[in-house]
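Both backbone and side-chain heavy atoms feed into the values below; hydrogens, waters and symmetry mates do not. Fair warning: this is a prediction, and the values are worked out from it, not measured in the lab.
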Amino acid sequence: MTLLFFVLTFAITWTSWYAARSFPALQVPLLYLGVFAPAFVALALTAQRERSAGVLALLRRLVEWRVGARWYLFAFGYMAAIKLTVAVVHRVAVGAWPRFGDEPWFLMIAATIGSVVLGGQTGEEIGWRGYALPRLAARFGFAGASVILGVIWACWHLPLFFFPGADLHGQSFPLYLLQVTAISVAIAWLYVNAKGSLLLTMLLHSAINNTKDIVPSAVPGATNPWSFSTSPVAWLTVVLLWLFGAYFFVRMSGKSTLPAD
């Protein structure tokens, strides 16, 4: 069923995204269909196998808020801490600060919270962490599953590297693959410690999307998605993500089920 989930999700998302290029009048709904495909497929497969009880159990995890305050802090601040550390390392190593983004901090916070409610994180997290991660973990453990899922998750975004106007257009996919896989390990670590709360994984996912440009990694004018990034900030970000990711990976090793309450 897990393989079927990935096949159907990729088929719906990629078809929707490519169709959005051909039908401009339907671009927005088709893009959102692609973003929410992981959730739709996960809910359909869950309904087929576990009926309404399974669907309700999956959806309840979207509002599971009873976790320790430190995990909210982790979700809000992980990527911001990574990016600020990158800025300091860059300053020490190069002798100059990297370029900082222009977005005010209060807008980042508002966008993070708003995106949890209205953004695509819901559509993705129901599928990736709500459905796929626990099933992969049952076979590979959470550590191995987080890496496998990270590679698949990164590849799911691949069409966006070739669509003019998309944020990822022309950027380095090899670097993105490394970055997203490390992020997948961090999200899995949060998932385990938040006892399967999708609310917390959505919050981390949203915070990453909205604070990653505190110190931007993107290369302006990039045109070759298969090349390696020329941005020192991007590579410093990946190194730091994997330093922490290695710690999370080790701590999850041997775990294949969520801890008991």
Side-chain angles (χ1 to χ4, degrees), residues 2-3 5-22 27-42 78-79 82-83 111-112 115-116 119-133 136 145-188 191 198 201-202 204-213 216-220 222-229 231 233-235 237-238 241-242 245:
T2 308
L3 178 59
F5 165 77
F6 290 128
V7 170
L8 292 175
T9 296
F10 272 66
I12 295 171
T13 295
W14 286 17
T15 299
S16 299
W17 286 351
Y18 277 100
R21 299 182 65 194
S22 302
Q27 186 175 68
V28 172
L30 285 170
L31 288 174
Y32 269 93
L33 174 60
V35 170
F36 277 83
F40 295 148
V41 174
Y78 180 63
M79 181 55 79
I82 291 286
K83 283 295 189 175
T112 295
S115 188
V116 169
Q121 285 77 30
T122 304
E124 290 196 50
E125 290 304 315
I126 289 175
W128 303 132
R129 255 61 62 170
Y131 185 89
L133 180 61
L136 288 173
S146 67
V147 173
I148 294 169
L149 183 58
V151 172
I152 295 170
W153 185 27
C155 291
W156 178 76
H157 291 85
L158 188 58
L160 301 179
F161 287 79
F162 299 91
F163 292 171
D167 290 343
L168 295 173
H169 178 247
Q171 298 300 314
S172 169
F173 180 74
L175 181 135
Y176 182 82
L177 177 64
L178 291 172
Q179 176 176 288
V180 168
T181 304
I183 288 171
S184 176
V185 175
I187 297 179
Y191 174 91
L198 296 182
T201 67
M202 287 160 51
L204 176 54
H205 190 157
S206 178
I208 288 170
N209 286 350
N210 288 289
T211 63
K212 62 182 175 57
D213 288 331
S217 296
V219 177
T223 57
N224 184 4
W226 302 116
S227 65
F228 288 96
S229 176
S231 166
V233 166
W235 287 108
T237 301
V238 166
L241 285 171
W242 270 110

Return a table of donor-acceptor pairs under 3.5 angstrom between the side chains of residues 173-181 and protein atoms on other chains or two or more places apart.
unit_1, atom_1, unit_2, atom_2, d
Tyr176, OH, His157, ND1, 3.4
Thr181, OG1, Leu177, O, 2.7

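- For the atom pair CG of Leu241 and CD1 of Ile82, the computed distance is 5.0 Å after rounding to the nearest 0.5 Å.
- Annotation: Asn224, atom CG; neighbour count of heavy atoms from other residues, nucleotides and ligands within 6.0 Å is above 12.
- At least one donor-acceptor pair closer than 3.5 Å links the side chain of Ser16 to the backbone N or O of Ile12.
- Judged purely by atom type and a 3.5 angstrom limit, Gln27 has no side-chain atom pairing as donor or acceptor with the backbone of Arg21.
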> How far apart are the C-alpha atoms of Tyr191 and Trp128, what are their side-chain angles, what is the distance that settles it, and do they pass the side chain to side chain contact (heavy atoms under 4.5 Å, CB included) test?
Replying inline: CA-CA 11 Å; Tyr191 174 91; Trp128 303 132; over 6 Å; no
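- Contact between Ser206 and Ala111 at its shortest, heavy atoms only, is OG-O, 4.0 Å.
- Between Thr122 and Ala39, the shortest heavy-atom contact is O-CB, 4.3 Å.
- Separating the CZ atom in Phe10 from the CG atom in Leu158 is a distance of 8.5 Å, to the nearest 0.5 Å.
- One distance of note links OG1 of Thr112 with CG of Asn210; it measures 4.0 Å at 0.5 Å rounding.
- When side chains are defined from C-beta on, Pro38 does not count as touching Ile126, because their heavy atoms never get closer than 4.5 Å.
- Side chain to side chain, Ser217 and Lys212 fail the donor-acceptor criterion of an N or O pair below 3.5 Å.
- In this structure, the side chains of Thr201 and Gln121 stay at 4.5 Å or more apart for every pair of heavy atoms.
- Taking 4.5 Å as the limit, some side-chain heavy atom of Phe228 sits within range of a side-chain heavy atom of Trp235.
- Of the inter-residue distances, the one linking Leu198 atom CG with Tyr131 atom OH reads 14.0 Å to the nearest 0.5 angstrom.
- For the atom pair NE2 of His169 and CZ of Phe162, the computed distance is 8.5 Å after rounding to the nearest 0.5 Å.
- Partner of Met79 under the side-chain contact (heavy atoms from CB on, under 4.5 Å) criterion, out of Leu204, Ile208, Asp213, Asn209: Ile208 alone.
- The side chain to side chain donor-acceptor pair (under 3.5 Å) search around Ser184 returns none, not counting sequence neighbours.
- Residues satisfying the ring pair (Phe, Tyr, Trp, His ring centres under 6.0 Å) criterion with Phe6, sequence neighbours excluded, are absent altogether.
- A 4.5 Å side-chain heavy-atom check between Thr2 and Leu136 finds at least one atom pair inside the cut-off.
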> After noting the C-alpha distance and the side-chain angles of Trp14 and Trp156, does the key distance pass the ring-ring contact (aromatic ring centres under 6.0 Å, His included) rule?
Replying inline: CA-CA 8 Å; Trp14 286 17; Trp156 178 76; 9.3 Å; no
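- Side-chain atoms of Glu124 and Trp153 include a donor-acceptor pair closer than 3.5 Å.
- At least one side-chain heavy atom of Lys83 sits under 4.5 Å from a side-chain heavy atom of Val233.
- A donor-acceptor contact shorter than 3.5 Å links the side chain of Trp17 to the backbone of Leu31.
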> Do Tyr78 and Ile187 pass the side chain to side chain contact (heavy atoms under 4.5 Å, CB included) test, and can you show the C-alpha distance, the side-chain angles, and the key distance before you say yes or no?
Replying inline: CA-CA 10 Å; Tyr78 180 63; Ile187 297 179; over 6 Å; no
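- Counting only distance, with no hydrogens or angles, the side chain of Ser172 and the backbone of Ser227 share a donor-acceptor pair below 3.5 Å.
- Taking CZ from Phe40 and OG1 from Thr9, the interatomic distance works out to 11.0 Å, rounded to the nearest 0.5 Å.
- Ring-plane geometry between Tyr18 and Phe163 is classed as perpendicular, the angle between the planes exceeding 60 degrees on a 0 to 90 degree scale with a lower cut at 30.
- Looking at Ile183 and His205, their side chains never come closer than 4.5 Å, going by heavy atoms from C-beta outward.
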